[in-house]
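Chain naming here is simple, since letters A, B, ... match the order of the sequence lines and numbering starts at 1 in each.
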2 protein chains.
Amino acid sequence: MKILVADDDLDLLGLVAYSLSQAGYLVIKASDGPGALAAFDAESPDLVILDINMPGTSGFEVCTAIRARGDVPVMMLTARGEEQDLVKALDLGADDYLTKPFSPKTLLARVKALLRRSTAERAQAPLAAGRVTLDIENYTVRIANNPPIALTKLELRLLQMLLAQAGRAVNSDRLLVQVWGHRGSGDRQLLKQLVHRLRHKIEANPAVPQLLQTAAPSGYKLVVD
Amino acid sequence: MKILVADDDLDLLGLVAYSLSQAGYLVIKASDGPGALAAFDAESPDLVILDINMPGTSGFEVCTAIRARGDVPVMMLTARGEEQDLVKALDLGADDYLTKPFSPKTLLARVKALLRRSTAERAQAPLAAGRVTLDIENYTVRIANNPPIALTKLELRLLQMLLAQAGRAVNSDRLLVQVWGHRGSGDRQLLKQLVHRLRHKIEANPAVPQLLQTAAPSGYKLVVD
DNA sequence: TCTTCTTGTTACCGGTTTATAACCACGCCG
DNA sequence: CGGCGTGGTTATAAACCGGTAACAAGAAGA
């Protein structure tokens, strides 16, 4: 998870960045408004933390600009007792705010909550690579421009795993665990069957697979080109 | 918009309720945990404001119970300097919190932000989509220009959930939780029956559903054209 | 209280999906 | 050549799922 932090107070910036990176987040720093926007465009972070009081371009303007670009969650930082700011920030579309001073613990808790919420909202984007498009919601695949093909639960999961590593071979044991869970590990027959059925669905000629190919020495890969 | 407020401090409860109702919200009050849950089930509010420190059932427990029933936004109230509580509350799935004492202005700003976010998330779950119009007050649906059809409580909730995601498939487990709460989770038979009964009410030919269709491999969707 | 409507429970049917087993073809290596 | 491991295929059994019916339990209203 990538987090953009913008604050002109370099001490605070360093502290916030340190706390976040300790917690495993990748942090991008900016010390003014224009810098924050440039970094936003370059890095497309998953979350933005903005100080309201920055010289030049204020946090408000940056927030507005970010809102215009998409729905990345934005957290505003404000000095204590500036309720005006807070109301304005939330009206501009900020998702949360923190009043300085705050503890790293609080920061992390709020960041975590925001990220959880936003990833939960997305979650349902179609997964695609090359000519293969997977519609997880409707349990269908679409190859090139052909009509969508209905999939079963297991077929979907197998394709999902292969698509995530599109073009590269995925080990059989790994697939077994990912599709069936640990229960099925070691049972190659399950995978054989599933591949067989899936090929009959998605391949023009199942005997000579173009998409779902066998990869030596023990695995499969999805060729998407 | 309906807001449920639960606090054992009756002065504060009154103050909060007054501020909110002045702002045009419909307020339901509760002074303890069990009362809050009962009111929640009876009124299905759009937002819940919970004091953490209540005698008997704590705000945490109430919060957990509400999370289990759906994704209504929850705001927690906590006394200053209780960061443990705050972290715990957010981990339990609370969406926001306020530290006492707070001004009515702050309260309203946060409430507004939470409600805006949740309604945006729900993709403005309306009472109507395409030719299907749901009258929640009167427990009726209207299909195209036909006369309204009376619904039971469960039928209404099911339609409400499907209508909110009109056209898209909704997972059975999700429906079970949303309609029955966690109690019914895992019991597909309940859903089967409800769908069956509902189809007999709203479909011209229940055997070939045009509106309430089965979505592979485990869900239903409302087709509204 | 009695009656009616709603909801929950159990059972069964037919279809699909998944699991299990057996068999074949192929390449590898002694 | 012949065992052995691998992947592909076929066949069959078991599990699961959705739809339906019938009935019991519960809630609501007269």
Measure the distance from CG on B:Leu191 to P on C:dT7 and round it to the nearest whole Å. 14 Å

D:dG19 phosphate, OP1 or OP2, under 4.0 Å from B:Thr214 side-chain N/O: yes

Separation of D:dA14 atom P from A:Leu154 atom CG, nearest Å, is 20 Å

For B:Pro34, give me all partners under side chain to side chain contact (heavy atoms under 4.5 Å, CB included), at least two apart in sequence or on another chain. B:Asp32, B:Thr57

Spacing between B:Leu151 atom CG and C:dT6 atom C1', to the nearest angstrom: 13 Å

Out of D:dT9, C:dT6, D:dG18, minimum distance to the side chain of B:Thr152 belongs to C:dT6

Is it the case that over 12 heavy atoms from other parts of the model lie below 6.0 angstrom from the CZ atom of B:Arg174? no

Between A:Trp180 and C:dA19, does any side-chain N or O lie under 4.0 Å from OP1 or OP2? yes

With sequence neighbours left out, write down each residue that passes salt bridge (Lys or Arg N to Asp or Glu O under 4.0 Å) with B:Lys201, or none if nothing qualifies. B:Glu155

Can you measure A:Asp187 atom CG to C:dT18 atom C1' for me and round it to whole angstrom units? 12 Å

Expected output is a numbered-order residue list: members of residues 206-213 of chain B with a heavy atom under 4.0 Å from any atom of DNA chain C. What is it? none

Does atom NZ of A:Lys2 have more than 12 heavy-atom neighbours, drawn from other residues, nucleotides or ligands, at distances under 6.0 Å? yes

Most 5' of B:Pro217 and A:Gly219 on DNA chain D, judged by nearest nucleotide: A:Gly219

Looking at the side chain of A:Gln189, which of D:dG7, C:dA22, C:dT9 is the nearest nucleotide? C:dA22

In numerical order, the residues of residues 192-204 of chain B whose heavy atoms come under 4.0 Å of DNA chain C are B:Gln193, B:Arg197

Could you work out, with side-chain hydrogen bond (donor to acceptor under 3.5 Å, both in side chains) as the rule, every residue matching B:Ser31, not counting sequence neighbours? none

Atom-pair distance (CG on B:Leu190; P on D:dC17), nearest Å: 15 Å

Salt bridge (Lys or Arg N to Asp or Glu O under 4.0 Å) with A:Lys192: which residues, sequence neighbours excluded? none

I want to confirm an ordering. Mapping B:Lys153 and B:Ser172 to their closest nucleotides on DNA chain D, which one lands closer to the 5' end? B:Ser172

A:Tyr139 OH to C:dT17 P, straight-line distance once rounded to whole Å: 13 Å

What pairs of residues pass the salt bridge (Lys or Arg N to Asp or Glu O under 4.0 Å) test when at least one of them lies in residues 49-63 of chain B, not counting sequence neighbours? B:Asp51-B:Lys100

Flag side-chain contact, heavy atom, 4.5 Å: A:Leu115 against A:Tyr25: yes

Answer yes or no: does a side-chain N or O of A:Arg188 lie under 4.0 Å from OP1 or OP2 of D:dT6? no

For B:Tyr220 and D:dG19, is the shortest distance between a side-chain N/O and OP1 or OP2 below 4.0 Å? yes

B:Arg197: side-chain hydrogen bond (donor to acceptor under 3.5 Å, both in side chains) partners, not counting sequence neighbours: none

Among all residues two or more places apart in sequence or in another chain, which pass the side-chain hydrogen bond (donor to acceptor under 3.5 Å, both in side chains) test with B:Ser172? none

By side-chain hydrogen bond (donor to acceptor under 3.5 Å, both in side chains), B:Ser218 pairs with (sequence neighbours left out) B:Arg188

Hey, what bend do you get for the helix from C:dT1-D:dA30 to C:dG30-D:dC1 if you fit axes on five pairs at each end, rounded to 10°? 30°

Across all chains, not counting sequence neighbours, the side chain to side chain contact (heavy atoms under 4.5 Å, CB included) partners of A:Gln165 are A:Arg168, A:Val170

In whole Å, I'd like the distance from the CD1 atom of A:Ile149 to the P atom of C:dT17. 14 Å

